[in-house]
Protein chains: 2
Amino acid sequence: MIYDLLIENITKNRAVSIAEAEKFCSFFSAKTISKREFLLKQGEFCKFEAFVTEGCFRVFSLDKKGNENTLYFAAKDWWLMDIDSFMNHKPSDLNIQALEDSKILIISQEDKTTLYNELPIAEKFFRIMFQKSIVAWQRRVVRNNSLTAKERYYYFTTRYPEIVLKLTDRQMASYLGITHEFLSKIKKQDKIQ
Amino acid sequence: MIYDLLIENITKNRAVSIAEAEKFCSFFSAKTISKREFLLKQGEFCKFEAFVTEGCFRVFSLDKKGNENTLYFAAKDWWLMDIDSFMNHKPSDLNIQALEDSKILIISQEDKTTLYNELPIAEKFFRIMFQKSIVAWQRRVVRNNSLTAKERYYYFTTRYPEIVLKLTDRQMASYLGITHEFLSKIKKQDKIQ
DNA sequence: AAAAATTGTTGAACAAGTTCAACACGATTA
DNA sequence: TAATCGTGTTGAACTTGTTCAACAATTTTT
């Protein structure tokens, strides 16, 4: 069933009844996205939140110098959203693009409000999910400040080997915060030793 | 009243009744922390969350090379916690130290659970607070990757001028992700022009 | 008030990462 | 099939930021 993965995601480590899980899922509908297609473009209003059931996405922004900055990749079992645009009803700074043919479960802004109102456990679920997310972002900041590019490259490739397979070097470099030329040099060094 | 600032913080932009706000506050007790005192040390279990009503704190970790990495500063009206240690009941990676004589409102781990159970609006309040926090962390990652040290210095000093006054250069440098020597050189360059 | 410790400054040598340009390769597209 | 475009690689020159050491100025402790 298309909701299996989402049900597992929301019930994992939490006391959620079958009825609650089913109600939760009823707010989401399935959607297919082709490779290279954009789910969201900078400047648009983000009026959805989504859960990835198949494929992979890249979330990135463009800075003033025109460089791409990859915030994160979202493969199966990850959530996709622009919290800022969604929460504050403002144009998005982010682009969300499919790296391969993908499938998501999507909820609209209005339905998300209804979900919170009708299913109190949803507040707890997302509250905990956001807490975990903050921990991950804090660790990312510390890694970016305290590790060299080479160390960050090792961390990323050993931590997310399945995602690495789906990326070009340019996409990975924009996540690591280095140029793709320098990433190429890191990889070369690596092979020699 | 000592709860005034907390009440303003939780009611701002949200429909919270006076009764709810008062109940919320009843879980918190006032505490005084002296300059240089640690509210939490790396290795300890973080069994509290706190709201700063006076003074300023620094939250930092030590990496393998022995360098301090400042995650954030928390002045009046900010929340202080180690989400990871608190949520996952594990030893903390973080140090929380008062930069000056300070006052906080503090809630214990048990009371936080009770608060969530007895006051459903608390789930919504913290869910929204955490969402805002994620947006801030995402922006920090983008700034760290796309701005030079000098640009980050400008951003920080113009965005948080009151906090800057309370910091040594070393503390600011550890937040910006540079050495204090280099910060000193940035400041010198700055004066000349 | 003296001693000790921490802080900020500066310089010189160095390391990490960028920029730009050139080229080879593979994948789309016409 | 040819043409085009994006990708990965490499080198040389350059910029940004680090490291280490020395010193002066403050702050803290005794």
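Chain letters run A, B, ... following the sequence lines, proteins first, then strands; residues in each count from 1. What you see is a predicted model, and the numbers here were worked out from it, not measured in a lab.
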Review point. Which one, dT10(C), dT9(D), dT28(C), comes nearest to the side chain of Ser184(B)?
Key: dT10(C)
Check your understanding: Does NZ or CZ of Arg140(B) come closer than 6.0 Å to the centre of the six-membered ring of Tyr72(B), within 45° of the ring's axis?
Key -> no
Exercise for review: Search all heavy atoms of Val52(B) against all heavy atoms of Ala74(B) and return the closest pair with its distance.
Suggested key: CG2-O, 4.1 Å
Exercise for review: Could you tell me if the ring centre of Tyr175(B) sits under 6.0 Å from that of Phe73(B)?
Suggested key: yes
Revision key, fill the gap. Asn144(A) CG to dG17(D) P, in whole Å, measures 15 Å
Practice item. Please report, rounded to the nearest Å, how far the P atom of dT9(C) is from the CE atom of Met172(B). Key: 11 Å
Please output the side-chain donor-acceptor pairs of residues 115-126 of chain A that fall under 3.5 Å, not counting sequence neighbours, one pair per line with the distance.
| from | atom 1 | to | atom 2 | distance (Å) |
| --- | --- | --- | --- | --- |
| Tyr116(A) | OH | Lys112(A) | NZ | 2.9 |
| Tyr116(A) | OH | Arg127(B) | NE | 3.4 |
| Asn117(A) | ND2 | Thr113(A) | O | 3.4 |
| Glu123(A) | OE1 | Arg127(B) | NE | 2.9 |
| Glu123(A) | OE1 | Arg127(B) | NH2 | 3.4 |
| Glu123(A) | OE2 | Lys124(B) | NZ | 2.7 |
| Glu123(A) | OE2 | Arg127(B) | NH2 | 3.2 |
| Lys124(A) | NZ | Glu123(B) | OE2 | 2.7 |

Study note, to complete from the structure: Out of dT9(C), dT7(D), dG8(C), minimum distance to the side chain of Arg170(B) belongs to dG8(C)
Check your understanding: Whole-Å distance between dT10(D) C1' and Lys187(A) NZ?
Key -> 14 Å
Exercise for review: Quickly work out the Leu176(B) CG to dT18(D) C1' distance and round it to whole Å.
Suggested key: 15 Å
Review point. Using a side-chain heavy atom cutoff under 4.5 Å and only I, L, V, M, F, W and Y, what cluster partners does Phe60(A) have?
Key: Phe38(A)
Exercise for review: Answer yes or no: does a side-chain N or O of Lys188(B) lie under 4.0 Å from OP1 or OP2 of dG11(C)?
Suggested key: yes
Review point. Between dT27(D) atom P and Leu99(B) atom CG, what is the distance in whole Å?
Key: 16 Å
Practice item. Taking all non-hydrogen atoms of both residues into account, name the closest pair between Gln171(B) and Ser174(B) and its distance. Key: O-OG, 3.0 Å
Check your understanding: Is the number of heavy atoms from other residues, nucleotides or ligands within 6.0 Å of NZ (Lys65(A)) greater than 12?
Key -> yes
Exercise for review: Please report, rounded to the nearest Å, how far the C1' atom of dT26(D) is from the CG atom of Leu167(B).
Suggested key: 17 Å
Revision key, fill the gap. Reading nucleotides 13-19 of chain C from 5' to 3' and marking B where a protein heavy atom lies under 4.0 Å of the base, S where only the sugar-phosphate is that close, and - otherwise, the string is ----BBB
Exercise for review: Find the distance His180(A):NE2 to dC23(C):C1' and express it as a whole number of Å.
Suggested key: 13 Å
**Study point:** Sugar-phosphate only, base, or nothing, as touched by Lys65(A) at under 4.0 Å among non-hydrogen atoms
**Key:** nothing
Review point. Can you check the Asn145(A) CG to dT16(D) P distance for me, whole Å?
Key: 19 Å
